[in-house]
*Asks:* 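Dropping the structure in here first, questions after.
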Amino acid sequence: MASRNRLVASEDVNGEKWDRCLTDTVVKTASGLALGIVFSAILFKRRPWPVFLGTGIGIGMGYSNCQNDLRSPHVHSSSIPTTRPDRHVPTVR
């Protein structure tokens, strides 16, 4: 219970956002690269433009998500309790 209500330093929140941002950008860039390679090999007779297009789309999506995440004042990783422990919520049977 004490771990839920602990205070988080602003440096930790910013660090978590940057970690999430970099991880998301790397995953989206790698996915775009992989899809570009597959489409280049299968559909476009090994031309390089699908690889560059897929990589660019992945970088752009990651950059856009980073902008939204860094501008957001909310912390996404903390859990929010749904009920107060001192009140009973009746359940429907």
*Asks:* Heavy atoms only: give me the nearest C66-T25 pair and the separation to one decimal.
*Replies:* SG-OG1, 3.5 Å

*Asks:* More than 12 heavy atoms of other residues, nucleotides or ligands under 6.0 Å from CZ of F44: yes or no?
*Replies:* yes

*Asks:* How close do R46 and A41 get, counting heavy atoms only, and between which atoms?
*Replies:* CG-CA, 4.4 Å

*Asks:* Hey, could you give me each pair passing side-chain hydrogen bond (donor to acceptor under 3.5 Å, both in side chains) that has a residue in residues 49-63? Not counting sequence neighbours.
*Replies:* Y63-Q67

*Asks:* So how far is it from S40 OG to L33 CG, rounded to the nearest 0.5 Å?
*Replies:* 10.5 Å

*Asks:* The criterion is side chain to side chain contact (heavy atoms under 4.5 Å, CB included); which residues satisfy it with L70, sequence neighbours excluded?
*Replies:* N14, K17, W18

*Asks:* To the closest 0.5 Å, what do you measure between CD1 (I57) and OG (S31)?
*Replies:* 12.0 Å

*Asks:* For D24, which residues count as a side-chain hydrogen bond (donor to acceptor under 3.5 Å, both in side chains) partner, sequence neighbours excluded?
*Replies:* K28, N65

*Asks:* Hydrophobic clustering (ILVMFWY, side-chain heavy atoms < 4.5 Å, transitive) - are V51 and L43 grouped together?
*Replies:* no

*Asks:* Indicate the atoms forming the closest heavy-atom contact of T29 with I59, along with that distance.
*Replies:* OG1-CG1, 3.4 Å

*Asks:* Would a hydrophobic clustering, with Ile, Leu, Val, Met, Phe, Trp and Tyr connected at side-chain separations under 4.5 Å, put M61 with V38?
*Replies:* yes

